[in-house]
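Please read the structure below before turning to the comments.
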Amino acid sequence: MNKVYLTTAIPYVNGKPHIGHAIDYCQADVCARYYILLGDEVRLQAGTDEHGTKIYQKAEAAGVPVQQYVDGNVKEFKDFIAKLGVSYTDFVRTTGPDHERRVQEIWQKLRDHIYMGKYEGWYCAGCERYITQKEYDENNGICPDHQKPYEKLEEENYYFRISDFKEQIKAAIENGEMRILPEFRRKEILRLLQDSPDVSVSRPREQLSWGVDVPDDPSQVMYVWIDALSNYLTVLGYPDEDVSEWWPPVAQFVGKDILRFHAIIWPAMLSGLGLPLPRNIVAHGFILSDGQKMSKSLGNVVDPVEVLDRHGPDAFRYYFLRHIDTFNDSDFTWEKYENAYNNELANDLGNLVQRLATLAAKNDVKIGNDTNVAKLPDEYAELMNNYELGKCFDYVWGKLQELNRRIDEEKPWSLAKNGEKEKLDKCLKSLMRDLLEANYLLSPFLPDTAEKIKGIFADPIAPPETPLFPKD
RNA sequence: CGUGGGGUAGAGCAGCCUGGUAGCUCGUUUGGCUCAUAACCAAAAGGUCGUUGGUUCAAAUCCAACCCCCACAACCA
């Protein structure tokens, strides 16, 4: 039995869940369930990133103690993940005492690659980040997001020497030890890696108070990188516990916006710790709302909880795994969502189950309970192993559509009318067996539905009172 | 001269690497069926493959130039 460790990105909890967060969860969860089908033991991590000045300021603005503020947001995320049916096994919060202590230990282990450096240049307090000279020139010295002039800043902080590991990381990407998917992202990272500068990993306390203290230097607080990225390790108990049976992760799911940190800074950290690199980093795109980037100013933000509540978790998973491209940006509109629900879930799948169950029940044909597939089809497994989740879902759907076709061709209702009992029996059994086989392949994608379908075709076969996917 | 992706039927996409009757899904129209959630099945209509030029017997596919969209450009999911 293999041990498989999968991770999702930990969202920054300065607000409620964004619809984009759902992609990570859906993708990681399907993979987790797939590995379980294979008989592996799976750990799936989820968590929240809770430090930083932005959160601190938001809490202050709300007049709430910071910890209380993040606790509230974390609850929203946890509720959302639960509603989605994500089968996570471990949850990590960066404000958790175990995490904080372990991060400090990790910092110390990386000590040889950390040095005190000086930053001299522009800074935007609103963005909470350094501004390059080029960016400064382009914006004429004024932050376009905050409408405030950039400040001149000169400060000391700690740097992590990425350059110590560049060659190693490059080699790992090139020889396939660490795969970056999709391919075009891999190329992008290889290019970016060339001129990745060392990265600043702390801030003076006056600038950033809500964070993990840098060991042995009370004037500095850790900046996001080491704190947040370490979550994938601390949640397993590293370095207190031996994590070797779970490490390295089989796949880490991230958004395209944070891929570079996961494909450069993070492997550098792991190399510094002497740990193997993740086997796969899977980067997904963003969700567009009616063809445009979601933004508050455009007023086109879609609330994921609303989408989830509309038709339940499996409809949500269906759309996000099949119609949201696994790797590229894709569009969400309510119209598309409703179409997918009505035409595909209700008509293709729901109706298929309904008609077949009715045919079987009316004619008193039964099928045994042994419906699991001994060996997954090669095509299915190969798509899964390459994290081509959308294509894999298409493959399964093709099997379902074929069944609708076959029912029409074999016309079991005429067999019944003509009293051809034997033929009818054979025909329906074969159809049901194939449906249950397809259902097994479907189960990682739509776990609730697959469970229901299994129940419907158990003994006695019972067509559902209310359809699987009712229309309104 | 920042980097990358893309422009193919009303919409969303595949095909391009390894040139050779332009394909899939949804939508539309028509026909069939009646087991089923007015669901299912079949067929048809619909495209000068961004533009111009080049290579070739032959280009959506290779080459060049140009036009237009989009993303990224150190954490805004």
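These values consider heavy atoms only, across backbone and side chains, with no hydrogens, waters or symmetry-generated copies. Here is how names work: the chains are called A, B, and so on, in the same order as the sequence lines, proteins then strands, and each is numbered from 1.
Remark: A:D79 engages A:K75 in a side-chain hydrogen bond (donor to acceptor under 3.5 Å, both in side chains) (not counting sequence neighbours). Applying the ring-ring contact (aromatic ring centres under 6.0 Å, His included) rule to A:F91 yields the partners A:Y88; only residues at least two apart in sequence or on another chain are considered. Applying the salt bridge (Lys or Arg N to Asp or Glu O under 4.0 Å) test to A:E382 and every residue at least two apart in sequence or in another chain returns nothing. With sequence neighbours left out, A:D29 forms a salt bridge (Lys or Arg N to Asp or Glu O under 4.0 Å) with A:R33, A:R317. Take A:F184 and apply the ring-ring contact (aromatic ring centres under 6.0 Å, His included) test, not counting sequence neighbours, and it matches no residue. Checked against ring-ring contact (aromatic ring centres under 6.0 Å, His included), A:F80 has no partners two or more places apart in sequence or in another chain. Partners of A:E451 according to the salt bridge (Lys or Arg N to Asp or Glu O under 4.0 Å) rule, which considers only residues two or more places apart in sequence or in another chain, do not exist here. With sequence neighbours left out, the ring-ring contact (aromatic ring centres under 6.0 Å, His included) criterion links A:F286 to no other residue. Looking at residues two or more places apart in sequence or on another chain, you find no salt bridge (Lys or Arg N to Asp or Glu O under 4.0 Å) involving A:D448.
Using cut-offs of 30° and 60° for the angle between ring planes, the A:W397 and A:Y318 rings count as tilted.
Within the 4.0 angstrom heavy-atom criterion, no nucleotide atom of any strand lies near A:I19. Using a 4.0 Å heavy-atom cutoff across all strands shown, A:P17 reaches no nucleic acid atom at all. Counting non-hydrogen atoms under 4.0 angstrom, A:L192 reaches nothing in the nucleic acid. No engagement by A:D331 is indicated, since no non-hydrogen atom pair under 4.0 Å with the nucleic acid exists. Within 4.0 Å (heavy atoms only), A:K362 reaches sugar-phosphate atoms of the nucleic acid but no base atom. Using a 4.0 Å heavy-atom distance criterion, A:G255 is classed as making no nucleic acid contact.
Side-chain atoms of A:N351 and base atoms of B:A36 include a donor and an acceptor less than 3.5 Å apart.
Rounded to a whole Å, the CD atom of A:E409 is 15 Å from the P atom of B:U34. The interatomic distance linking A:K256 (NZ) with B:G4 (P) rounds to 16 Å, in whole Å. A straight line from CH2 of A:W397 to P of B:U25 spans 15 Å, rounded to a whole angstrom. Between the CZ atom of A:F327 and the C1' atom of B:G4 there is a distance of 17 Å, given to the nearest Å. Note: CD1 (A:I407) to C1' (B:C35) measures 8 Å, nearest angstrom. Atom-to-atom, CG of A:D329 to P of B:G7 comes out at 15 Å; the value is rounded to the nearest Å.
At a non-hydrogen distance threshold of 4.0 Å, nothing from residues 265-273 of chain A comes into contact with RNA chain B. Looking at residues 337-346 of chain A, you'll see A:N343, A:A346 sit with a heavy atom under 4.0 Å from some atom of RNA chain B.
In the set B:A71, B:U37, B:A36, B:U37 carries the atom at the smallest distance from any side-chain atom of A:F469. For A:E188, taking side-chain heavy atoms from C-beta onward, the closest of the listed nucleotides B:C40, B:C76, B:G4 is B:G4. Among B:A77, B:C35, B:C72, the nucleotide with an atom closest to any side-chain atom of A:H18 is B:A77. Here the side chain of A:R405 is nearest to one of B:C35, B:C41, B:A74, namely B:C41. Which of B:A39, B:C41, B:C35 sits closest to the side chain of A:N347 comes down to B:A39. The A:K471 side chain lies nearest to B:A39 when the options are B:C35, B:A39, B:A77. For A:W413, the listed nucleotide lying nearest its side chain is B:C33; candidates were B:A71, B:C33, B:C72.
Where A:T358 and A:G285 each meet RNA chain B at their nearest nucleotide, the meeting point lying more 5' is that of A:T358. Both A:S196 and A:L288 lie close to RNA chain B; mapped to their nearest nucleotides by heavy-atom distance, the more 5′-ward contact belongs to A:S196.
Spacing between B:C66 and B:G2 at atom P, rounded to whole Å, works out to 13 Å. For the P atoms, the distance linking B:U34 with B:U51 amounts to 49 Å, nearest Å. Taking the P atoms as reference points, B:A58 lies 29 Å from B:C67, given to the whole Å. One P atom belongs to B:A45, the other to B:G23, and the distance between them is 12 Å to the nearest Å. Rounded to whole Å, the C1' atom of B:C70 lies 35 Å from the corresponding atom of B:U29. Here the separation of B:G20 from B:A60, taken at their P atoms, is 10 Å to the nearest Å. For the C1' atoms, the distance linking B:A36 with B:C41 amounts to 13 Å, nearest Å. To the nearest whole angstrom, the two C1' atoms, one in B:G7 and one in B:A77, are 27 Å apart.
Looking at RNA chain B, the stems built from 3 or more consecutive Watson-Crick or G-U wobble pairs, each pair with its key distances under 3.5 Å, are B:2-7 with B:67-72, B:10-13 with B:23-26, B:28-32 with B:40-44, B:50-54 with B:62-66.
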Would you check, one step at a time, whether the test salt bridge (charged side-chain N to carboxylate O under 4.0 Å, His left out) holds for A:R161 with A:D164?
CA-CA 6 Å; A:R161 206 179 292 110; A:D164 288 352; 3.2 Å; yes
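A centroid separation of 6.0 Å or more is found between the aromatic rings of A:H323 and A:F332. Side-chain rings of A:F261 and A:W225 approach one another, their centers coming within less than 6.0 Å. Taking the six-membered ring where the residue is Trp, the centroids of A:F320 and A:F316 are separated by under 6.0 Å.
The ring of A:F261 does not lie on top of the base of B:A74; it is either too far (5.5 Å or more) or too tilted (30° or more).
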